[in-house]
Peer 1: 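Quick one: structure below, then a few questions.
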Amino acid sequence: MLKQRLTYRSLVWVTVPEVDTDLLWTLSAIFVLLAVLYLISVFIFRNRIAVVANRIKQKKSELAPMVSEFLFYEEGGDRNEKSNYINLKIEIRELLKVDFDRKVLTEILLDLRKDVSGDTQRKLFDLYQDLGLEKDAFRKLESWRWELVSKGILELTEMNVESAYSFIIKFINDKRSTIRKQAEIATVTLKPEGINYFLDSTKYKISEWQQLKLLDVIRNQENYTPPRFKNWLTSTNRHVVLFALRAIKYYHQNDAKNALIELVKHRNNQIKQEAIGCIKEFHVVDSLPVLKQVFWKGNLDVKIAILDTISELGTESDIEFLKEVAQNSGNFSIKSKALYAINVIAPDTIMPTKGIEDLDIPAGFSVQKNSISTDDRSFKEDGKPEQDQSEGHTNEFDSEDHNRDTETLKPLPSESQSTLSDIADESSIDGPADPDVMDSDMASKPDELDIEQQGIGVQQEDKVTGAMEDVVEDEERMVSELLATEPSEINEENVCNAVPEVPEVVPELNMAPELDTSEENYHLEDNSLTPRSMEQEEVGSEDDLDIDTEPFSLSVEFLPIVTDNEPSSTKIISKDPSMENSQESEKNISHFEVEFEEIIPENEISRPPQKSLDFDISEIAFLPIVTDNEEDKETNPKITISGGFGEASLDVGIKMEEAEASIATDGKFIDEIEKLDFLPLVTDTKAEDGEALSTDEKEKGIDGFTLADFEVAFEKAKEFVKIPKDDKTVEEPKISADSDINSASDKEEDVISWLMSVNELREIKVVYEDLSQDEPGEGVIHLIPEPVYYDEHEHYMMGLLDDLEDLGDHREVPFLKELLEQENKAFVKDRIQRLIDRFTKPYEMTGKNEVDPPKMLPFFSVFADLFKNLDVESKLILLDEVVHVGDHKEIEFLDGLLEDPNEKIRKKASIVLKQLIEKLSKNVPKTIESGIEPLGAERQWIDISEEVEPIDKMADNRSYQKLLDNMEIEPSPKSEIFEIDFELLQEGEAELDENIMNLPVEMIVVSPDEKNILSQLRTFPKKMRGK
Amino acid sequence: MQKKRLLLAEDDELLASLLNFRLQKGGYEVSLSADGKQVKEYLSRYTPDIIISDIMMPYFSGIELIAYVRQELNLNIPIIIISSAGNEENVLNAFELGANDFISKPVSPSELLVRVARELNKT
């Protein structure tokens, strides 16, 4: 304290805060503590982060092989591999229960996704979804935190979860830009139609970067067919329009010509520019007037873009506009571009003047010492002089603050072919820049040359004052300096700017008495077309006069060689076969030369192409059966059939023989024929009738045959013409072919026509033989059975016999015999007899084989129930077990799985089914050998019919009584208990029931104590009442 | 039949693990090296039948590895380079120095296996 006081006293003038040092110490301590806490917390957090990172790293290294195992697992692997795989699956399922592990696994898959491609990447996507990791990502989408949502979208996009599409598209118009952008990318990535949805629905700005990313996404999609982006040129979102324009340009969709022209008029300069870019790309020549119209309203970039486009698409007619632009525009870039465009459209119009030395000009060339470089180039518009001498100083140049009116005007006879004399540098001559060009120009335009020479003549007569020379020299110097500083810019603007002093001389120049207005030489002053004064030309130098006398003796090596390779400079430069070409191509389509090859049939039109007999007989069930009885089989008979689809010819040929052979050997064909019993049997009786075929017919073989040539017989006509009432059988109608068609009656014709129409055999001529020549009028009426009326007994009997016929077997024979004895009616007896025959014959002949086999009940597979509530992985695992523990019951179950919606299960089921069948087929012989009755599909069912013999009840009773006697047992009094009808169950059925009974049933015993309160309360009043 | 020895130099652990598994499954004896130092160390002891190396590796790049193998060790074993897209200059350098083949990331393991087999068949 003393020290403090001393201190204060010694330093009185210092105002020390009166703070207690204890407080200071306390504060210091707090700060130190806070610092320590801060450091400790940093240390802790850092350590924690490091620990977590290490843990993740360890986990990754632990899980990576597992992932590899999953990715490269092959189903055809050995048993160990499979068991490893299953164990891994179980293990990974356990791991997935832990959030951390799931997160690490997701990270691994996301990392690997970037490093692998092809089939492995596809498997990776599948694995991600199989493990259910996408659920976490879906959960993230529901978060309120933008970064989590964005992360979720990214994850789903990277892992190509298509099912997330419908969830993600909701974020396209999200207020949060990060989410929105992520959703846009995801929408376009996940589904090809995503781009359509995005462009249709987005309301927000699409940044340039985002547009690039989107284009990149759709560009990298495999088998991607881009939509027609012109559909979005009408979008109200200008960013969408911009994107669509870029996409149109990228995908060369040149079908939006009119829309592009309209968009040139868009308010937005960016859209304008893009549209102009598209126009240039697709060579939309129609847009030129609009481009010119829009030019003056556009900004610098638009103007340059338009000029660039005009240079590509323009023709000579556009040069006028370009000149106007060059004259009127004050911007250097625009002027430069306009001149460039002129030169592109009409090459050699503008010649270089920069750094051109002052050389001797040969005779016949004007020397324009005082002319001003490139800008001195003059243009003649419509062949008229732009300005006369008096207007020379009031050109547009003045209006553009370039006060330079140095020259008087001379009209140019030709506008596009500015001759070399037009190109003047102050320090140089306007001599021939290129002799080649010059030659060509002169050769092509001798008149111009003459005019020039005249001009030169005038120049020679004029003299320039010394003062003028001085001025011009100054001007030269300044321009040359300027050009030296900007060598790349040969521009009139700079040049003009550099010569402000010139106007002082103008009056003198303009007042020059001699003026050659016929001179074609013009020079451009700041893009204005100003005629050059004679004086100025004279200013060239006196030396020029000398030069004129030396024709073409100049050394012009320093000049660039300009060659005109094109035969016509006015030709439109068309680089791209785009719209114009597309139009042309459309025209050309109609001009394709298509060569029609005339196909001349070998034979007549009626002769159809031959067709082999490689067909299933059942497919032509509608056809009559045609058999060829001709002995001579060498000829290949053909049956010509005319159907609705034209004619077809069946080349029976040799195959007919084969078919017959097969009929002989194999009853199969016969069976098939029997199925066609409704059809008439057509046989060829020609050979039998001994009718010789005509030579023509022989030549044409079977082609000349019609059904009329064959005998048609109704094989089973008996059945349907039988009239039971009269107990008579009508004679089988034998219909044989006859060539006389007219012999058939009208009714028969109807039947035939019906038959033909039904069978689509309109052109088959089938002629039926008259059944009774004596009664031609009856026709087939007698074939229609008359109605039969039963009395009560007959009705009962027929009903009974119907039932017996349907349900009975050989056991009904004794009963039927009884009925036969009792029955009086002949037709009933006949029916009974037929039934007896039917029941006895097959039994006698084939014994038990004819008895219907017992119907098998469907097998019950224990796996079916297990499968109901399992996921795919577990099902696959379970299927592996089917092979080991399954039997015949699983075959049907596996068969059903072959139609499972999941492809993996289908494949697996197919494999397992094969293996199981193999296993069962191997097991069967063993069991037979070992004397054990095989189970399953191969099981021999108990034939009830065999075992159930007519029981001799008396004998049975006798033996039973004998047995009781032997055993000394008294029979119990008759009791109803034993009068039970036992049903014989099939063995399989019994076993089935047994299986069902043996199924484990989980029994839940609910003890009274465990009852819930509600039930106890409910039962309480009852208990009370009971008490 | 003795398995072919393969040196896989890749610093990305996950990718290395994946390729290792695939190559082992393809019937190769694979040695993994995470950086240039390990590669050098391995090569000082063993001579593999083929080397698969990433271009970008710590300590010792893939280019340097090729130069080391071809010029210092004078080994003519096939070298396949793995490089990310857009690294064409390095790839050209690698070929100039004697790399036999090149595969770009993302890698298709099946493709890599085919390329390895092809290079080994050449030798």
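In what follows, chains are A, B, ... by sequence order, proteins preceding strands, each numbered from 1.
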Peer 1: Taking everything shown except Lys907(A) itself, do over 12 heavy atoms lie less than 6.0 Å from its NZ?
Peer 2: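 Not buried by this count: 12 neighbours or fewer within 6.0 Å.
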
Peer 1: Is chain A contacted by the side chain of Asp12(B), its backbone, both, or neither, given a heavy-atom distance below 4.5 Å?
Peer 2: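 Contact with chain A: side chain only.
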
Peer 1: For the interface with chain B, which of Val116(A), Asp119(A), Thr120(A) has the highest count of heavy-atom pairs at distances below 4.5 Å?
Peer 2: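 Among the listed options, the one with the most contacts to chain B is Val116(A).
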
Peer 1: Would you compute the distance between atom CG of Leu63(A) and atom CG of Leu14(B) and round it to the nearest 0.5 angstrom?
Peer 2: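 Taking CG in Leu63(A) and CG in Leu14(B), the distance rounds to 9.5 Å.
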
Peer 1: Please check if the number of heavy atoms outside Arg139(A) that lie under 6.0 Å from its CZ is greater than 12.
Peer 2: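 Yes, CZ of Arg139(A) has more than 12 neighbouring heavy atoms, counting only those of other groups under 6.0 Å.
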
Peer 1: Checking Leu71(A) against chain B: side chain, backbone, both or neither under 4.5 Å from a heavy atom?
Peer 2: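 Just the side chain, heavy atoms under 4.5 Å.
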
Peer 1: Side chains of Asp115(A) and Leu18(B): does their closest heavy-atom pair fall under 4.5 Å?
Peer 2: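 Heavy-atom side-chain distance check fails, nothing below 4.5 Å.
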
Peer 1: What are the two closest heavy atoms between Pro109(B) and Ser117(A), and how far apart are they?
Peer 2: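 Where Pro109(B) meets Ser117(A) most closely, the heavy atoms are CD-O, 4.3 Å.
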
Peer 1: Taking every heavy-atom pair that is under 4.5 Å apart, which of Arg22(B), Glu111(B), Glu13(B) has the most such pairs with chain A?
Peer 2: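 Most heavy-atom pairs within the cutoff with chain A belong to Arg22(B).
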
Peer 1: Step through the shown structure and confirm whether more than 12 heavy atoms of other residues, nucleotides or ligands are within 6.0 Å of CZ on Phe100(A).
Peer 2: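 It does: Phe100(A) CZ has more than 12 such atoms within range.
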
Peer 1: Within a radius of less than 6.0 Å around CE of Met56(B), do more than 12 heavy atoms belonging to other residues, nucleotides or ligands occur?
Peer 2: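 No, CE of Met56(B) has 12 or fewer neighbouring heavy atoms, counting only those of other groups under 6.0 Å.
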
Peer 1: Quick one: what part of Glu74(A) sits under 4.5 Å from any heavy atom of chain B, side chain, backbone, both or neither?
Peer 2: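 Both backbone and side chain.
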
Peer 1: In terms of heavy-atom contacts, does NZ of Lys151(A) have more than 12 from other residues, nucleotides or ligands at under 6.0 Å?
Peer 2: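 Open: at most 12 neighbouring heavy atoms sit under 6.0 Å from NZ of Lys151(A).
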
